[in-house]
Amino acid sequence: MNDYGRIPVCGMISGYNNDTAQPGPSNLFYINSKKLTMQGFIVIDYFDQFPEFIEQMSAWISEGKVKSEETVYHGIENAVDAFLGLFESKNKGKMLVKL
């Protein structure tokens with residue numbers, strides 16, 4: 001990290017069902033010496049910007065500047081596996097079940 005670097009933290013679903021805490025970084029000393037900022041955020045903090053997001057993101061998708069990835073499970077019989085896979089990082093992008 002550069003001096004005064006910022007570390008955004010979001011998306012912790014993969015750890016929701018952990019039985020034990022995951023080990024943390026061993027170099028926390030750098031938060032102080034490099035004057036870093038680490039802050040969590042969640043999407044509901046930005047709902048007021050949603051209309052602007054939709055307008056800009058729609059343009060980027062149409063222009064091919066943003067591409068999405070998805071993991072698809074086929075059949076309702078695989079819905080449980082797909083759901084549980086969310087908690088085990090078995091998906092890339094959006095997790096879908098195609099019926």
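All values reported here derive from a predicted model rather than from experimental measurement. The analysis underlying the following values was restricted to heavy atoms, covering all of them including side chains, and did not include hydrogens, waters or symmetry mates. Residue numbers run from 1 in the order of the sequence given.
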Between N2 and L36, what is the shortest heavy-atom contact and its length?
-> O-CD2, 3.3 Å
Give the cluster check for I54 versus W60: same hydrophobic cluster or not, with ILVMFWY residues linked at side-chain heavy-atom distances below 4.5 Å.
-> yes
Is the backbone of M95 close enough, under 3.5 Å, to the side chain of T71 for a donor and an acceptor to pair up by distance?
-> no
Which atom of I7 lies closest to which atom of M1, heavy atoms considered = CG1-CE, 3.7 Å
All heavy atoms of K35 vs all of D3, minimum pair found to be NZ-OD2, 3.9 Å
Between the NZ atom in K98 and the CD atom in E70, the distance rounded to the nearest 0.5 Å is 9.0 Å
If every non-hydrogen atom of G85 is compared with every non-hydrogen atom of N91, which pair is closest and at what distance?
-> O-OD1, 4.1 Å
With the 4.5 Å side-chain cut-off for hydrophobic clustering, are L96 and L84 part of the same group?
-> no
Is the number of heavy atoms from other residues, nucleotides or ligands under 6.0 Å of E77 CD greater than 12?
-> yes
Are any non-hydrogen side-chain atoms of Y46 and F41 less than 4.5 angstrom apart?
-> yes
Can Y30 be reached from Y4 by stepping across I, L, V, M, F, W or Y side chains whose heavy atoms are under 4.5 Å apart?
-> no
Quick one: do F50 and I61 end up in the same hydrophobic cluster if we chain Ile, Leu, Val, Met, Phe, Trp and Tyr together by side-chain heavy atoms under 4.5 Å apart?
-> yes
In terms of hydrophobic clustering (I, L, V, M, F, W, Y; side-chain heavy atoms under 4.5 Å; direct or indirect links), are V9 and I31 co-clustered?
-> yes
Counting heavy atoms not belonging to E52, are there more than 12 under 6.0 Å from its CD?
-> no
Can you tell me if CD on Q39 sees more than 12 non-hydrogen neighbours from other groups inside 6.0 Å?
-> no
Show the numbers, then the answer: is there a side chain to side chain contact (heavy atoms under 4.5 Å, CB included) between V66 and M57?
-> CA-CA 8 Å; V66 173; M57 186 58 68; 3.9 Å; yes
Value rounded to 0.5 Å, distance of CG in L86 from CG in D81 | 11.5 Å
Least distance between heavy atoms, L99 atom then G75 atom | CD2-C, 4.3 Å
Give a yes or no on this: more than 12 heavy atoms of other residues, nucleotides or ligands lie within 6.0 Å of atom CZ of F83.
-> no
